[in-house]
Amino acid sequence: MQYISTRGEVDPIGFRDAVMMGLARDGGLLLPQFLPTIAEEKLEQWQNLTYQQLAVEVLSLFIDDIPRLELEEMVDRSYAAFSHPQVTPITKRGGLYILELFHGPTLAFKDVALQLLGNLFEYQLGRINGQMNILGATSGDTGSAAIAGVRGKKGINIFILHPHERTSPIQALQMTTVLDPNVFNMAVRGTFDDAQAMVKTLFNDLAFKDAYHLGAINSINWARVLAQVVYYIYAFLKLLKRGESSVDFSVPTGNFGDIFAGYVAKRLLPKGCINALILATNANNLLTRFVTGGDYSKGSVVATSSPSMDIQIASNFERYLYYLRDENGRQVKQDMADFADTGALDLSGLKSQVDQDFLSRSVSEEETLAMIRDFHNQEQYLLDPHTAVGVKAALECADNKRPVVCLATAHPAKFGAAVMAAIGEEPQLPPALADLVGKESRCEIIDADPELVRSYIKQNGLQ
Ligand SMILES: *Cc1c(COP(=O)(O)O)cnc(C)c1O
């Protein structure tokens with residue numbers, strides 16, 4: 001399989017190079033040259049595979065430059081870090097299916113992709129005898145999952161900036177208590193936006209970027225999307241085994257990352273297996289406005305109890321736009337230039353096509369907390385606020401002609417304050433989180449000045 005850019009100006013490259021490139025060199029996002037399809041007969045054969053075996057089958061549709069044995073070995077190592085034998089188990093509650101994606105080392109769904117990405121980076125760097133310094137800013141979840149994905153890996157150092165005392169205490173501990181010598185945490189006296197701006201400054205200094213092999217680990221990497229496609233297919237096969245031939249998925253999303261993986265899964269499976277993809281947003285409703293009216297226009301970010309979805313530019317949206325525009329890279333390039341100029345795109349002319357793929361609902365703060373409370377009372381099951389947004393959207397949007405699978409993207413204990421506000425008690429900390437309190441930690445506290453990060457990387461980076 002070869003990979004091309006959504007903006008049409010990158011010569012086709014193989015999977016390994018696509019993983020290392022991250023963002024396409026023409027500013028677009030990488031996609032496979034075509035989307036393969038899974039034949040009907042395969043579904044029966046795949047029904048009894050373990051998560052890991054299925055992952056290898058699905059990944060192999062998109063990867064032909066890594067020997068199968070090596071791929072199997074990487075997949076096994078990636079998911080050995082999960083605490084549930086099924087990796088992403090599914091449970092039925094109150095007429096809905098909950099797909100639990102939070103059994104990884106940092107208890108959020110980002111582990112599913114970042115555990116694999118860390119191993120892919122290490123594999124490729126080993127082949128080319130290369131080195132990489134990963135640099136990123138986080139408001140909480142992504143940083144800890146990225147650190148967990150690359151801790152102790154050869155050829156990789158990771159530098160993660162977080163806003164000092166502005167993440168939840170547990171989120172900070174999940175990062176700073178990782179003491180592997182290749183992990184460097186910096187707490188910035190400032191906001192997440194300050195930290196993000198510092199990272200951007202260094203990436204824009206191309207001489208520095210090249211000299212220190214700076215790498216990113218954000219959600220635009222194709223390997224992250226690909227790793228997430230697997231659990232949609234896994235969940236569908238579980239329900240197929242129970243006699244269901246068509247399902248809906250409800251997905252709480254901000255960056256269009258997780259839901260785009262669902263779109264890819266829908267295109268891979270035979271027609272009708274995945275019916276609707278319900279795109280659930282919080283008060284930051286950019287994507288809901290797009291689905292329901294074709295209005296893709298930036299608003300200002302509002303802080304909610306589901307902070308990992310407090311986003312007003314969906315970095316993976318361009319991938320879906322490419323298919324909406326009939327794979328016309330020049331048109332996508334024009335669209336993205338227009339969006340950069342005006343902060344808005346009118347896509348209402350394409351609405352009938354969007355309707356084939358998505359339903360959408362924006363869920364308010366009150367509805368989110370009420371959903372956590374009701375589900376806890378009625379089903380004795382605690383939803384985290386992101387998952388609650390998806391469950392609420394499912395109840396409002398689905399036509400109930402087929403099962404609905406709701407993606408549970410984080411463990412509720414990661415968002416104790418929201419749970420407290422909803423049900424009046426703190427969630428019980430699972431051992432992985434409880435053990436963090438009082439552990440030795442390591443972190444540099446710095447002012448919001450990119451030069452401090454530059455000299456820190458010069459001192460501690462691989463070269
Ligand atoms: C990152 C995140 C999301 C949103 O994921 P997208 O890639 O933006 O779709 C939802 N829930 C949790 C808990 C997250 O960490």
Side-chain angles (χ1 to χ4, degrees), residues 29 88 98-115 117 136-149 162 167-168 170-171 174-175 192 217-229 231-232 249-265 277-288 290-291 301 304-320 358 360 362-363 368 372 382-393 406-416 418-419 427 433:
L29 303 184
T88 64
I98 307 287
L99 178 61
E100 295 183 343
L101 304 175
F102 52 73
H103 294 282
T106 72
L107 308 183
F109 90 100
K110 290 183 172 70
D111 289 326
V112 178
L114 287 170
Q115 284 294 312
L117 187 62
T138 185
S139 56
D141 273 358
T142 307
S144 57
I147 288 170
H162 68 266
T167 66
S168 79
I170 284 284
Q171 283 177 323
Q174 281 187 303
M175 295 187 274
F192 167 68
I217 201 156
N218 45 23
S219 75
I220 48 89
N221 197 301
W222 166 253
R224 283 184 65 176
V225 174
L226 182 53
Q228 292 171 216
V229 171
Y231 51 69
Y232 285 91
F249 280 95
S250 183
V251 187
T253 199
N255 257 321
F256 210 87
D258 208 0
I259 191 112
F260 181 74
Y263 172 79
V264 173
L277 291 164
I278 299 168
L279 189 162
T281 59
N282 63 23
N284 298 286
N285 64 356
L286 160 83
L287 292 172
T288 299
F290 159 68
V291 171
V301 177
T304 73
S305 58
S306 45
S308 299
M309 291 150 57
D310 292 347
I311 287 169
Q312 287 284 355
I313 298 187
S315 52
N316 264 291
F317 179 74
E318 184 171 339
R319 287 196 160 108
Y320 178 61
F358 300 106
S360 188
S362 160
V363 176
T368 305
I372 295 174
L382 201 48
L383 303 168
D384 101 280
H386 304 78
T387 307
V389 166
V391 170
K392 177 67 179 173
C406 296
L407 272 52
T409 53
H411 191 290
K414 286 195 88 168
F415 298 95
V419 171
L433 294 185

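When a ligand or atom number is given, it counts from 1 through the structure's own listing order.
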*What is the closest protein heavy atom to atom 9 (O) of ligand 1, and at what distance does it sit?*
T253 OG1, 2.5 Å
*Considering only non-hydrogen protein atoms, determine which one is nearest to atom 12 (C) of ligand 1 and report residue, atom name and distance to 0.1 Å.*
T409 OG1, 3.5 Å
*asked:* Within the 3.5 Å criterion, strictly below it, is a donor on N316 or N255 matched to an acceptor on the partner's side chain?
replied: no
*With a cut-off of 4.0 Å, which atoms of ligand 1 are near a heavy atom of D258?*
6 (P), 7 (O), 9 (O)
*Do any N/O atoms on H386 end up under 3.5 angstrom from N/O atoms on ligand 1?*
no
*For ligand 1, which atoms sit closer than 4.0 Å to a heavy atom of A410?*
13 (C)
_Residue, atom name and distance, where the atom is the protein heavy atom closest to atom 2 (C) of ligand 1_ = K110 NZ, 2.5 Å
_Within-shell test, F260 vs ligand 1, heavy atom, strictly < 4.0 Å_ = no
*Report the nearest protein non-hydrogen atom to atom 8 (O) of ligand 1: residue, atom name, distance rounded to 0.1 Å.*
N255 N, 2.6 Å
*Can you check whether P105's main-chain N or O pairs, donor with acceptor, with Q174's side chain at less than 3.5 Å?*
no
*asked:* Nearest non-hydrogen contact with atom 4 (C) of ligand 1 belongs to which option: A261, S308, A408?
replied: S308
_Just to verify, which of K110, K414, H386 counts as forming a side chain to side chain donor-acceptor pair (under 3.5 Å) with D141?_
K414
*Can you name the one residue among P307, S305, P427 that meets side-chain contact (heavy atoms from CB on, under 4.5 Å) with F415?*
P307
_Determine whether the aromatic ring centres of residues F290 and F317 are separated by less than 6.0 angstrom._
yes
*Ignoring hydrogens and geometry, is there a side-chain-to-backbone donor-acceptor pair from N285 to S362 under 3.5 Å?*
no
_Nitrogen or oxygen of M309 less than 3.5 angstrom from that of ligand 1_ = no
*D384 to ligand 1: N or O pair under 3.5 Å?*
no
*Determine whether T409 and D258 make a side-chain contact, defined as any pair of heavy atoms from C-beta on separated by less than 4.5 Å.*
yes
*Separation of F256 CZ from R319 CZ (nearest 0.5 Å)*: 11.5 Å
*For atom 3 (C) of ligand 1, what is the nearest protein heavy atom, given as residue, atom name and distance?*
F109 CE2, 3.6 Å
